[in-house]
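Data first, discussion second: the structure below is written as structure tokens.
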Amino acid sequence: MTFHKVLVANRGEIARRILRTCRAMGLETVAICSEADLRAPHVLEADEAVCIGPPPAAESYLRGARIIEAALATGAGAIHPGYGFLSENEAFARAVGDAGLVFVGPTPDAIARMGSKIAAKRLMAEHGVPIVPGYDGRDGQDDAAFLGAVTAMGPGAFPLLIKASAGGGGKGMRIVRRLEDLSAALQAGRREALASFGDDALLVEKYIENPRHIEVQILGDARGNVVHLFERECSIQRRHQKILEEAPSPGVDAALRERLGAAAVAAGKAIGYRSAGTVEFVVDGDLKGIHFLEVNTRLQVEHPVTELVTGHDLVRLQLEIAMGRPLPFTQADLRIQGHAIEARLYAEDPDQDFLPQTGRLVAFDFPEVEGLRLDAGVRAGDEVSIHYDPMLAKVIAWGSDRAEANRRLLAALRGALVHGVTTNLRFLRAVLGHPAWQSGALSTHFIAEHKHALVGLTVDPRRAVRIATVARALTIDAARALLPDLPLGWRNSRFADPEERWLAGDTLIACGHRALGQGRFLTRIAGDDVVVEVLHQSAGPTNELVLKLGDAICRARIVVAGETTYVHLAGDDFRLDLVPRFASGERKVDSGTCQAPMPGKVIAVRVVPGQAVEANQPLVVLEAMKMEHTLEAPAAGTVAEVLVAPGDVVQGGQDLVILK
Ligand code: ADP
Ligand code: ADP
Ligand code: MG
């Protein structure tokens, strides 16, 4: 059972995180990568790496047989699957064992039993773990059986939640509020479950209104010992997927902690659980009832918050357990110290319903903050492609209490420089600054409830425009110093001050400027004059300027990428696009065309040529970055042309359906 070399069958931040612990334990490491990831950080950080496949890149990390071959060829004795990909794949875990290698995770049997939400719930109910009431397909999977079971649940059955038994990642869940909507929802649910998970079995559960998502970290060894490492709260979710997680939960007291821990350990013992796992619960808003949801038989994305409050390295424990060692502690040895909060930084646009984003990161830099841990999968210069999950990094802060952890995390996010790709950074800052979050009054509907305070935020860009204008004037001056031949009368007009025109979102702002000497500039926006004085300028790619504007002294970080200038100022970011001097500055959007908002694959086309459509009627379903996106008609009209068919791979901005 012992091994000296570990192959990490994953990519991104989790591959890097596992490599870190392997190195600390003196274990040799092998990374795998797709053709798209040849220069990825996890590849460079391993002792050796094997390219396991050509595009389509996403599938590369799912090529189990090829990965096992790579482990055998490099002499690795164990495979750590990370999360996602093959981590909860029974057949892969079994094949790893059959090849004489150690799978760092639970037994194939435990994975199989927990891979089905239906089977998991049945087993838990038998072991006295409280579950959400509902119907698990016991009397069949046909509509009639569901209808019968739901009717038998009585008028209190609604709202209901339909889930895919094999589901994960928040995908394929549907809320049903009326009996007459059930059949249609079941049909849609089956189609999506089959497409996403290759299994169309569904279950329905009573939809718990305003619940909290609280989960318990468990650890089991090969000798049958199971302990829990307390809870994590992950109630801040969008699309049933977590964005902020913390340990401990601000809503859990000692008595509830005891109940959750006992239920989780009972769940772990029921399956003879080995390795690290997570038992998920939904908890009633009044914090009384707890209901088992599922067991995730792997290392969880949000494991760092548990590590920071317990002081234990979960990857090290997984590796030691895989080597056959017993747990080095008992339940009584475990304590919570302080508080930790994790924020998931995603390439997505909160203002467009969290639509995933792609592009090249022109800056990626975090400040040094006490108690901060950064688990990142990317570096400045990296391309964020459509192939993988849009999570860029996890930013985690520890503090002696929740308020301190929150302040530190907020400081890190306010000081972070992430440009080139739209992210949820501003959204995360807004959540952490929100009084409801700070008071710990959480529910899984938090984002929906507080949406107006969290998305579509606009901050007056005029100071940033003045700064960008001065920064540009400084660069032009510097360039002129290097090019003494440049004619002095290079400006448009000798009489008027030069002007830069910037697009800040949809707003066009013109800023006139005049050098006054000694680093002082007069800036003018709509007749409003402000003198900007450059007190300090540091070179480097994240050009920092210390400026005096009126009597305020501020520090700005400027990143220029082509015609775009990013200004980081006072914990906020501004993207300013230079408008060519003689262009109109208006972008024409044809309202009669439905375009792909991002590159992806067409899953379904919902309309045919000649069909009349209403505004917001679904036209095309696109899959990109592990999510389905329904594209709707921008306005009522008639379908003139359908330009794509299911299975087509489309580019961002490509026309899909023409309306007239
Ligand atoms: P849950 O499954 O309950 O949402 P997590 O919050 O731990 O649990 O999310 C894990 C999810 O992360 C997986 O289900 C998968 O969709 C996604 N994922 C898979 N691989 C990766 C990866 N390499 N990087 C980021 N996310 C991934
Ligand atoms: P997945 O495998 O996709 O993670 P889960 O069953 O763990 O699916 O549910 C994901 C999220 O959906 C939960 O964190 C919770 O926010 C919500 N959810 C799941 N089941 C219920 C329920 N019965 N009532 C209310 N919300 C639920
Ligand atoms: Mg879950």
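Counting starts at 1 for both ligands and their atoms, in listed order. Sequential numbering from 1 along the given sequence is applied to the chain's residues. If you're wondering where the values come from, they're calculated on a predicted model, not measured in any experiment.
Those atoms of ligand 2 with a heavy atom of Lys163 less than 4.0 angstrom away are 6 (O), 19 (C), 20 (N). Remark: ligand 2 atoms within the under-4.0 Å shell around heavy atoms of Lys206 are 22 (C), 23 (N), 24 (N). Interface atoms of ligand 2 facing His213, defined by a heavy-atom separation under 4.0 Å, are 13 (C), 14 (O). For ligand 2 and Gly167, the ligand atoms under 4.0 Å from any heavy atom of the residue are 2 (O). Every atom of ligand 2 is numbered from 1 in the order shown, and the set under 4.0 Å from a heavy atom of Glu294 is 1 (P), 2 (O), 4 (O), 5 (P), 7 (O), 8 (O).
Within Glu294, OE2 is the N, O or S atom that lies nearest to the Mg ion (ligand 3). The N, O or S atom of Glu280 with the smallest distance to the Mg ion (ligand 3) is OE1.
Considering backbone and side-chain N/O of Ile208, one or more are found under 3.5 Å from N/O of ligand 2. The shortest N or O to N or O distance between Pro211 and ligand 2 is not below 3.5 Å.
The closest approach between any non-hydrogen atom of Lys117 and ligand 2 is below 4.0 Å.
Ring centers of Phe158 and Tyr207: at least 6.0 Å apart, outside the cut-off.
When each of Asp199, Asp143, Asp200 is paired with Arg190, the salt bridge (Lys or Arg N to Asp or Glu O under 4.0 Å) condition holds for Asp143 and for no other.
When every heavy atom of Val150 is checked against every heavy atom of Leu179, the shortest pair comes out as CG1-CD1, 4.0 Å.
Taking 4.0 Å as the cut-off between side-chain N and carboxylate O, Glu215 and Lys242 count as a salt-bridged pair. With respect to the salt-bridge test (charged N to carboxylate O, under 4.0 angstrom), the residues Arg402 and Glu233 do not qualify. Salt bridge absent: Arg232 and Glu342 never bring a charged side-chain N and a carboxylate O closer than 4.0 Å.
At a heavy-atom distance under 4.0 Å, only side-chain atoms of Thr444, from C-beta outward, approach ligand 2.
Note that Arg11 lies in the cation-pi zone of Tyr388, set by a 6.0 Å cut-off to the ring centre and a 45° limit from the axis.
Classified by interplanar angle (parallel below 30°, tilted 30° to 60°, perpendicular above 60°), the ring pair His450/His452 is tilted.
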